[in-house]
Amino acid sequence: MKIAEVFLNQTNKRIDHPYDYRIPQQLESVIEAGIRVVVQFGIGNRRVEGFIISIKETTNFTGRIKEITEIIDSQPILNKEQIELCLWMKTTYCSLFYEALSYFTMSIQVKDETYYYKNLGSFDLNLKENWFLEHYYPKDQKTLRQKKVKPEDRVILVELVERKILAAKKRWRILSDPTAAETVGEISYHLTDLGREAIDSNKRMGKKQLELLKSLQNNDMMAADLKMLSAQFKKSLNPLILKNYVIEYEASPHQNAYNSSRFEKQRRSVVLTAHEQLNYKRYLELTKAKSGVFFHVFDGTSKYRLFFKAIEDQLKSGKSAVVIFPEVNMTFSRMEMFYKYFGDLVGVFHGQLTPKERTDLYRRVRDGELKVVIGVRTALFLPYQNLGLIIIDDDHDPSHISISTPRFHIADIAKKVSALMGATYLIADDTPRVATWYQIEKNEIAKIQIGVEQKLRQAIEIVDMQKEMHQGNMGILSRTLVKYLTTSLLHKRMGVLFINNKGYANSVLCRNCGHVEKCPQCGVALKYFNQDHSLHCHYCGYKKAVPIKCPKCNSEKIRHMGFGLDQLEEYLSKVLPDARIGIVQGAMNRTEIKKMNRAISDGEIDILIGTQVIIKHFNFTNVGVAAAVLIDRDLNQGNYQASETVYQTYSRFFVKAMDGTTKGLIQTHEPENETIYSIKNENFQEFYRGEIRYRQLMKYPPIVNMVSFSVFQKNEKEAENDAFSLYVAIKNELKMFGDGHTVYKPVRVGATKGGNITYQIVLKTLKAEVFQNLMPKIIKLGIIEALKSKVSVHIDL
DNA sequence: CTAACAGCAACC
DNA sequence: GTTGCTGTTAGG
């Protein structure tokens, strides 16, 4: 007799463990680990979807074992290693099994048709209803009277059962409808060979028509794009379509603009420079000893050539490779390079693919047709046959962290995958994460430096805003900056101002001496609360009133930190009324970005001001002055990673904006701040040493593991009670794990979405396995279930 | 005395 | 989530 261990697709932590089911004789040859099945569950024999993680001969379960009802997949959708990875994710990130599984099933849409139709007849009924069906379904009044069922009850029950049947039908249909993958296309245009000839042979045609044909020369375009060229493009295009110069077609919405068919597909071998050859040799040596390698990147093109070389070698030995970019847009912009080197072995995977395209990619990867996959996080969960190399590009980018549960950093998954499949993992970054560098220092990952440092940032001037104030300048921009902006305007060069105005101005600082109130225990800036005009610590709940006088210098000039983009624009237009100002910010779509980029390259912008996006999506040269106008707010964000984020974003900003002749400038109230100095000195190691010392002292990741529990509740009193009983329970359970951990008392966290009262409990521990063991225990004891509040677990990555 | 109800454990 | 079991209680 064969037994299958099955995880159920249920959103309940208490039943999220394997259940044993007997495999019916006739299915023994078909069923293996990695396929989904339908089983009956509970007293009511509800039909639920399950996933087989393993097959065994015997069971320890003493009760009555049920049989597997049906098979969903005709072959395993996860291989052995992937099943193990999925289980590891479940325990490591305290998620449900099916939540972890969802990352693997994202590309599987179309299911077996037989499954679809077979299930229409069966539905879940509980015992009471089954019993009712057996006894009372007949409309015969005599029988009903005998059985003592009131006619009106029968009506209600019949209705109930019929509703259930309907619901069941609906449910299965949604799950398995193969036609659900229908795509909605966008109208696009393609230049035919005939059209190309027409351009080359200088055939007579309208000016607009020629322009349109030429714009289609390099790639297909969507109607929306052509509209930007000429509002009435259809007028000139229609005759071209009639002449068969241009083909109109409907393509899937996103693939279209980036359709792989527009790229030249070649196979080229990689040629390295002498310096790169040395680096590559080192890389090969290091991968023999360790599975992880880190590229500290100072030369982007060199980095890619090394990537290609490494991939090429993997292909030669019959293995495949995957490259993970943080974002879809980055994937798109790197695509072409990959096609040039590896032609049709390349697959591109991202969230904007249609279900059909996804399934197609899944199949081709599984069958070994595609050997180089580039894409976003989820691309790592495809069924690679013989994976030799995983590359994570731009490791520091926050998009590498998955937002939905399980919350993880893709580099951690890559590490695990490489251990499971014996693949090399390669992380590349120009502004390393502290967590990654920590692994390098601990000798878990080897490091190679790519290219040489430019040391351009050393020219950055740090402007003391306290001095400015003392000398009578109450404005938001320093006199030096205004002076530089004026001269750069004169020389027709652009000024770029970076301001990170997202979020609230929630710290408080002394305008006189730059002092910021910090938590005595946790070392982070205290956050300002409007309700009671007080300052709170984000982690431990320490609370104090906003001081009237600065504790350091006794001044009364205590102010909220910060101003926004709008205020900056207003100020600039007053100080430099002739300057043409361009504003860029997060909520811009692709066309707006294009437009702005064009305006910048056409020299229509004198001063560009913007938030984070300025670093990623905009291209500019000829920058006269590049300035960070409000670094202090970012430095005092009230979380322990503030300095790290500041180092990364501001370094990148200056690298992007400065060439050898650009004036760099940072405005601050803390001119002695170490992070600012490290940015100026272009010295990551120096920054890291200071930062890791701070984290050691204050006990923050990566030194400790940190997890926070959030308790949500509508009712104020109950929220408090629940939070405290959870706190007590955690404390009690922790006793089992010896010492080396700290739990902070529940802290009431300020306004959250949905009007919920939220309490937060922070747990720090030196042992990673503590909360992995703690969570199942707390769940088993029913502590969280006993609470009326919703509880969520947030692991700090 | 009973219907109603909340609390609870189990689901293989 | 769904179910049945258990103990408690309001209402007659």
Side-chain angles (χ1 to χ4, degrees), chain A residues 1-25 27-28 31-33 35-72 83 87 90 95-99 101-102 119 122-135 148-150 152-153 156-157 160-161 163-172 174-175 405 713 715 718 721-722 725-726 729 776-792:
Chain A
M1 188 175 68
K2 292 227 166 173
I3 307 285
E5 284 191 284
V6 178
F7 265 101
L8 304 173
N9 182 8
Q10 297 282 282
T11 50
N12 186 337
K13 289 194 170 168
R14 296 196 66 165
I15 56 170
D16 198 35
H17 60 84
Y19 286 89
D20 289 351
Y21 279 89
R22 194 175 325 119
I23 301 173
Q25 205 105 58
L27 291 181
E28 260 187 29
I31 285 186
E32 18 176 348
I35 70 172
R36 285 170 299 176
V37 288
V38 178
V39 294
Q40 299 199 327
F41 185 68
I43 292 166
N45 278 334
R46 250 166 339 116
R47 295 166 47 84
V48 290
E49 186 189 302
F51 179 88
I52 301 179
I53 54 156
S54 71
I55 308 281
K56 54 186 186 180
E57 299 292 329
T58 54
T59 173
N60 294 328
F61 186 67
T62 46
R64 197 179 69 88
I65 287 201
K66 291 178 187 173
E67 269 191 352
I68 286 172
T69 318
E70 278 162 48
I71 313 180
I72 293 177
I83 295 173
L87 287 165
K90 170 185 154 46
S95 79
L96 296 173
F97 182 84
Y98 256 76
E99 284 171 341
L101 187 68
S102 68
N119 287 297
S122 53
F123 39 85
D124 40 334
L125 286 179
N126 59 38
L127 271 188
K128 221 185 249 167
E129 288 151 1
N130 259 326
W131 176 81
F132 159 76
L133 268 186
E134 274 168 31
H135 292 80
K148 285 182 190 168
V149 170
K150 292 178 224 151
E152 58 264 38
D153 283 352
I156 293 167
L157 278 169
L160 187 113
V161 169
R163 246 207 330 274
K164 280 221 165 186
I165 294 170
L166 258 174
K169 281 185 181 175
K170 220 173 172 181
R171 198 157 54 240
W172 291 116
I174 289 164
L175 257 176
T405 36
Q713 170 71 275
N715 181 309
E718 279 182 38
N721 282 341
D722 281 359
S725 52
L726 181 61
K777 246 186 148 173
I778 288 181
I779 290 158
K780 207 161 207 167
L781 290 169
I783 292 163
I784 289 179
E785 264 65 22
L787 305 178
K788 278 197 178 147
S789 320
K790 265 212 159 120
V791 177
S792 77

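Everything quoted here is computed from the prediction, not taken from an experiment. The analysis underlying the following values was restricted to heavy atoms, covering all of them including side chains, and did not include hydrogens, waters or symmetry mates. The sequence lines fix the lettering, A, B, ..., with proteins before strands; numbering per chain opens at 1.
The NZ atom of K13(A) sits 13 Å away from the P atom of dG1(C) (whole-angstrom rounding). The distance from atom CG of L8(A) to atom C1' of dA10(B) is 13 Å, rounded to the nearest whole Å. Distance, E57(A) CD to dC12(B) P: 22 Å, rounded to whole Å. I53(A) places its CD1 atom 17 Å from the P atom of dC12(B), with the value rounded to the nearest Å. Put simply, CG on D20(A) is 13 Å from C1' on dC11(B), counting in whole angstrom units. Taking atom CG on N9(A) and atom P on dC11(B), their separation rounds to 20 Å, with Å as the unit. For the pair R14(A) CZ and dT3(C) P, the computed distance is 17 Å after rounding to whole Å. Rounded to an integer number of Å, the gap from CZ of F7(A) to P of dC11(B) is 16 Å.
dC12(B) has its base stacked against the ring of F61(A), the centroids being under 5.5 angstrom apart at an interplanar angle below 30°.
Between I3(A) and D20(A), the shortest heavy-atom contact is CG2-CB, 3.7 Å.
The six-membered or imidazole ring of F41(A) lies near that of Y19(A), with a centre-to-centre distance under 6.0 Å. Taking the six-membered ring where the residue is Trp, the centroids of F97(A) and F51(A) are separated by under 6.0 Å.
Remark: the Q40(A) side chain and the T69(A) side chain contain no N/O donor-acceptor pair separated by less than 3.5 Å.
I15(A) comes within 4.0 angstrom of a nucleotide base, judged by non-hydrogen atoms across all strands. When heavy atoms are screened at a 4.0 angstrom cut-off, Y21(A) is found touching the sugar-phosphate backbone but no base atom.
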